[in-house]
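Owing to the predicted nature of the structure, the values given are computational and were not obtained by experimental measurement. Convention: sequence-line order gives letters A, B, ...; per-chain numbering from 1. Basis for what follows: all heavy atoms, side chains included, without hydrogens, waters or symmetry-related copies.
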Amino acid sequence: MSGKLEFLIGGYATMFLLMAFFIGSLYKRYRDLRRDLTLLKHLMQDQDGEEN
Amino acid sequence: MEALKKYGLPVLSAFAVLMVGVSLLMVFLYPEAERTMGDVQRIFYYHMASSWVGAAAFGVTLAGSVLYLVRRAPLADRIAHASVEVGMTITAMGVFSGPFWAKAVWGEWWPWEDPRLITSAIMMLAYGAYLMLRQGIAEPGQRRRYASVYGIIAFASVIMTFVVTRISATIHPVLEGGIGGLPSRMLQTLMFCALTLLIVYVTLLWHRVRLARLSERVEMLKLRYYEEEDDVR
């Protein structure tokens, strides 16, 4: 391996950083939705309790 | 079917990670360095594979959009939307790795005289606009219809990107005689990288479609909650 190696490494690092960023954003959205779902379930249980 | 639902995605995800690892080892160790450009040419394997798989992802959006307009199947729209997000990530891998190769070989990060760079940027913007369009329409039915029509029109930017090097003068490297003209080790590495990115695409698409289903479930529960809250008042 020789010659302009920094460009080769820079290119692959950029590609996998982009991929990691997308996977991270998917995970964040998943975590937020799970939290919303749990919260909504609790709120709906409380709502049912109030109605009864 | 139950086992596929339960274990399919984790197994596929693990397999995709393994394939990425093996493909990177292959890129750096298996093919010989290109004679004139040297090792920096190894960017080519993922650069080209990402442009193929990115175009395939937008092709899936096209198919999903047509299917939604014909059958009104929400799953087709969900897949079309998910495929734009994943496709944009994979296309961005190609678009943003290109300048590293260009700087090393041509001495410029972004040579504006190359039409393929311009059409690739237009393609990214066209699909970025697809995501913005979806964000801008609140009514789900209307959002799906408009996005489907736009998803079909936007595919013109993919076609333009692929044919531009054949119809206009360009400094972008074009493989003479197609990929068959590559030395066998280079060809094997390229095909393995394309297969790897295809598996990564399917994995991410599956994750994203599941996320969309979860998001719709949360939206439905929210609506139900607020309706019942109004009834109580």
Side-chain angles (χ1 to χ4, degrees), chain A, chain B residues 13 20 24 27-29 33-34 37-47 49-50 82 85-86 88-105 109 197 200 203-204 207-208 210-226 228-229 231-232:
Chain A
M1 289 264 172
S2 64
K4 295 174 178 172
L5 210 59
E6 64 275 23
F7 290 103
L8 177 63
I9 292 166
Y12 275 97
T14 305
M15 284 195 263
F16 284 96
L17 272 175
L18 280 165
M19 183 70 78
F21 179 77
F22 180 69
I23 293 168
S25 88
L26 277 186
Y27 176 69
K28 188 187 175 297
R29 280 186 275 178
Y30 172 76
R31 205 187 51 190
D32 291 349
L33 283 170
R34 293 298 311 183
R35 191 199 54 208
D36 287 358
L37 191 67
T38 314
L39 188 68
L40 274 166
K41 277 181 181 168
H42 281 303
L43 284 170
M44 288 178 98
Q45 273 172 2
D46 290 349
Q47 205 175 40
D48 290 345
E50 274 175 31
E51 276 174 25
N52 295 330
Chain B
S13 304
V20 168
L24 282 177
V27 162
F28 286 95
L29 303 174
E34 206 266 345
M37 290 184 270
D39 282 318
V40 76
Q41 181 268 348
R42 291 177 199 272
I43 286 182
F44 158 80
Y45 302 108
Y46 259 75
H47 177 77
S50 65
E85 281 192 17
V86 182
M88 273 193 73
T89 306
I90 292 175
T91 304
M93 287 170 73
V95 170
F96 288 99
S97 63
F100 286 91
W101 192 9
K103 179 69 179 167
V105 177
W109 291 102
L197 270 183
V200 168
T203 310
L204 290 177
H207 276 289
R208 183 62 189 83
R210 271 176 59 158
L211 193 71
R213 225 168 348 182
L214 181 63
S215 170
E216 280 167 21
R217 200 173 144 209
V218 169
E219 282 305 309
M220 227 168 59
L221 278 177
K222 267 186 196 167
L223 274 176
R224 236 176 68 193
Y225 173 74
Y226 287 121
E228 282 175 21
E229 194 74 1
D231 289 346
V232 170

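One finds the NZ atom of K4(A) at 10.5 Å from the CE atom of M37(B) (value rounded to the nearest 0.5 Å). Note that the CG atom of L214(B) and the CD atom of E216(B) stand 10.0 Å from one another [nearest 0.5 Å].
Contact of A92(B) with chain A is made through backbone and side chain together, with heavy-atom distances under 4.5 Å. Within the 4.5 angstrom heavy-atom criterion, no atom of Y226(B) approaches chain A. Proximity to chain B (any heavy atom under 4.5 Å) is restricted, for I23(A), to the side chain, taken from C-beta onward. Residue Q41(B) does not touch chain A at all, counting heavy-atom pairs closer than 4.5 Å. Only the side chain of V20(B) comes within less than 4.5 Å of a heavy atom of chain A; its backbone N, CA, C and O stay farther away.
Side-chain contact check for W101(B) versus V40(B): some heavy-atom pair is nearer than 4.5 Å. Side-chain contact check for H207(B) versus R210(B): every heavy-atom pair is 4.5 Å or farther apart. Using a 4.5 Å heavy-atom cutoff, the side chains of Y45(B) and F28(B) are not in contact. Contact of the L33(A) side chain with the S215(B) side chain is registered, since non-hydrogen atoms from C-beta on lie closer than 4.5 Å. Put simply, the side chain of F22(A) reaches to within 4.5 Å of the side chain of V86(B), judged on heavy atoms.
Looking at Y46(B), its side chain never comes within 3.5 Å of a backbone N or O of M93(B) through a donor-acceptor pair.
Contacts from residues 24-32 of chain A to chain B, taken as heavy-atom pairs separated by less than 4.5 Å, involve L26(A), R29(A), Y30(A) in sequence order.
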Evaluate the criterion side chain to side chain contact (heavy atoms under 4.5 Å, CB included) for residue pair S97(B) and T14(A); output intermediate values, then yes/no. CA-CA 7 Å; S97(B) 63; T14(A) 305; 5.8 Å; no

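The greatest number of non-hydrogen atom pairs below 4.5 Å with chain A, out of E85(B), R224(B), K222(B), H47(B), is found for E85(B).
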